[in-house]
Structures are given as C-alpha cells and as structure tokens.
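None of these values were measured; they are calculated from a predicted model. By convention in this document, chain letters (A, B, ...) are assigned in the order of the sequence lines, proteins followed by strands, and residues within each chain are numbered from 1.
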Amino acid sequence: GENVEQHPSTLSVQEGDSAVIKCTYSDSASNYFPWYKQELGKGPQLIIDIRSNVGEKKDQRIAVTLNKTAKHFSLHITETQPEDSAVYFCAASQGNTPLVFGKGTRLSVIA
Amino acid sequence: EAQVTQNPRYLITVTGKKLTVTCSQNMNHEYMSWYRQDPGLGLRQIYYSMNVEVTDKGDVPEGYKVSRKEKRNFPLILESPSPNQTSLYFCASSLRYRGGNQPQHFGDGTRLSIL
C-alpha cells in the first residue's frame with residue numbers, strides 16, 4: 001500500500017521568511033495530493049490540493065509543487081505570519097482509495 | 001453552515017466500559033471516516049464508509065466498531081475500551097468522486113482518556 005514520508009517534523013522560521021515542507025510517496029498510481037493545516041484544538045482543514053495532471057498550484061502565499069517522476073511534493077509558504085503556526089499534514093491517494101497521511105510538521109513562526 | 005459534528009469533545013472513562021462517539025455531517029457526503037491521532041504517528045485511519053451500510057477497515061481497526069445506517073451519521077463504538085485507545089479521534093467526510101479523491105472535512109476532534 002501507499003506510504004507517505006514527511007519532513008521535517010518540526011520547523012521554525014522568522015516572520016516574513018519562507019517555509020518549505022516536503023513529502024515523498026511510494027505508490028506511483030497515486031494521483032491526489034492534499035495538504036491540511038491543523039490549529040490547536042481543531043480538526044485538520046484543507047488548505048490546498050494538487051492532482052497528478054498539474055505540476056504546480058498556487059493560492060496567495062501558499063503553493064504546492066509535484067514531481068511525479070521523483071514521487072515527491074512540497075508545500076511552500078511565503079511571507080510567513082504568526083497565524084501560519086500550526087501542524088501541517090500532507091496526504092496521498094489514488095482514485096477512490098482512502099487518503100494516507102504523513103506524520104505531520106509542526107511549524108512555528110517567530111515574530 | 002457545512003460541518004462535521006462530533007460528540008462528546010472530551011471523555012474520561014474506565015477500562016471495559018462501552019462507549020460511543022457520535023459523528024454527524026450535514027453536507028450529504030457519501031464518504032465518512034474515523035482517524036486517531038497520536039504524537040509522532042500522525043493520522044491513522046480506523047474505519048471508513050463509502051456509503052450507507054458499506055464499511056471497511058482502515059489501518060488500525062482492532063478494538064473498534066462502526067455502523068452506517070444513515071448517510072449523515074457514522075458512530076464509532078468501543079465495546080471494551082483499553083488504555084491503549086487513549087487518543088484524539090477525528091471524524092471526516094467527503095463527496096465520493098470516481099477517478100479522483102475529494103477534500104475531506106474534519107470534525108474538531110474527541111479526546112478520549114481510558115483509565
């Protein structure tokens with residue numbers, strides 16, 4: 001089955017700097033790659049997703065890139081703000097199979 | 001407001017005392033799922049349901065039961081809870097889409113402590 005590795009497990013950045021979180025997946029048939037943000041005391045919330053027919057997707061300060069050949073995808077957050085501090089999860093799936101999540105990255109943005 | 005509602009949000013109980021965590025969604029979603037979240041292990045799927053009366057095991061189903069008698073509800077049942085089931089639990093739902101997955105909507109979690 002699918003296996004998703006996520007790095008780093010913790011990340012601290014200065015406010016205004018960029019943050020990058022990377023994930024690799026094992027199943028070449030996977031074609032859907034969402035990213036979730038989990039704030040303290042809340043459930044994960046989808047922030048951006050990408051499908052395998054697209055190499056990059058951007059939404060304001062957040063972007064995701066996908067390299068299908070290397071089987072990895074990354075989340076990029078530019079101009080980080082304190083409210084970006086949270087736990088971020090990547091995930092992968094193919095078609096109707098359940099999502100497989102990475103173990104999460106705790107991002108701290110230091111003002 | 002579109003949402004997934006879990007109850008209770010917090011529960012402290014004792015080993016062996018049966019408990020049920022309810023989950024309800026108001027988005028007419030076909031797909032529903034239960035996860036547990038433990039430090040360093042991320043989100044692991046317990047059970048999922050593709051539609052009414054259709055349920056399947058996830059990665060960590062041992063010690064849990066589910067049912068899907070109505071589209072909107074997907075309760076998680078612990079028949080004889082044990083301390084290793086102390087965890088943070090999340091229910092999620094999404095549309096089912098052939099040929100691709102859809103964003104999952106999560107509840108705010110249920111923190112269970114089994115003494």
Side-chain angles (χ1 to χ4, degrees), chain A residues 1-10 21 23-27 29-54 57 59 62 64 66 73 86-107, chain B residues 1-7 9-10 21 23 25 27 29-51 54-61 66 74 88-111:
Chain A
E2 177 65 273
N3 182 50
V4 177
E5 299 281 341
Q6 182 172 347
H7 298 281
S9 57
T10 60
I21 303 170
C23 289
T24 60
Y25 61 99
S26 61
D27 191 342
S30 288
N31 57 14
Y32 178 66
F33 308 93
W35 286 89
Y36 286 82
K37 176 183 180 182
Q38 184 181 20
E39 297 176 337
L40 198 61
K42 297 285 190 181
Q45 184 174 16
L46 180 76
I47 55 172
I48 195 167
D49 57 10
I50 192 167
R51 298 182 190 273
S52 58
N53 57 348
V54 176
K57 185 176 178 180
D59 182 4
I62 292 173
V64 58
L66 172 64
F73 57 111
V87 178
Y88 292 81
F89 292 98
C90 64
S93 80
Q94 48 158 317
N96 290 326
T97 59
L99 280 173
V100 175
F101 286 84
K103 289 182 169 44
T105 297
R106 183 174 298 279
L107 173 65
Chain B
E1 180 189 352
Q3 59 186 4
V4 177
T5 303
Q6 296 178 224
N7 280 297
R9 292 291 314 279
Y10 304 92
V21 184
C23 175
Q25 49 93 5
M27 296 167 279
H29 284 168
E30 292 178 325
Y31 182 93
M32 296 187 75
S33 180
W34 276 103
Y35 297 89
R36 61 179 288 174
Q37 184 177 15
D38 301 290
L41 298 178
L43 289 160
R44 294 181 294 167
Q45 191 175 51
I46 303 170
Y47 268 96
Y48 65 96
S49 170
M50 297 292 262
N51 213 327
V54 180
T55 62
D56 274 301
K57 294 178 180 179
D59 297 321
V60 288
V66 293
F74 190 44
L88 179 58
Y89 292 85
F90 288 102
C91 179
S93 73
S94 71
L95 287 169
R96 179 186 178 189
Y97 179 69
R98 184 176 176 82
N101 221 321
Q102 290 293 311
Q104 289 196 29
H105 299 255
F106 283 81
D108 282 336
T110 295
R111 187 167 290 281

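Residues A/Pro98 and B/Tyr31 share a closest heavy-atom pair of CB-OH, 3.7 Å. When all heavy atoms are compared, the tightest approach of B/Pro103 to A/Leu46 is CB-CD2, 3.3 Å.
Surrounding CZ of B/Arg111 are at most 12 heavy atoms belonging to other residues, nucleotides or ligands under 6.0 Å away. Atom CD of A/Glu2 has more than 12 heavy atoms from other residues, nucleotides or ligands within 6.0 Å.
Scored by the side-chain contact (heavy atoms from CB on, under 4.5 Å) test, B/Ala92 finds B/Tyr35, B/Gln104, B/Phe106 as partners (sequence neighbours excluded).
Listed by sequence position, A/Tyr36, A/Gln38, A/Gly41, A/Lys42 are the residues of residues 35-42 of chain A in contact with chain B, using a 4.5 angstrom heavy-atom cutoff.
Here the CD atom belonging to B/Gln45 is positioned 8.5 Å from the CZ atom belonging to A/Phe101, to the nearest 0.5 angstrom. With rounding to the nearest 0.5 Å, the separation of CG in A/Leu99 from OG in B/Ser94 is 7.5 Å.
Heavy atoms of B/Arg9 lying under 4.5 Å from chain A belong exclusively to its side chain.
Among the candidates A/Pro34, A/Pro44, A/Gly104, the residue making the largest number of heavy-atom pairs closer than 4.5 Å to chain B is A/Pro44.
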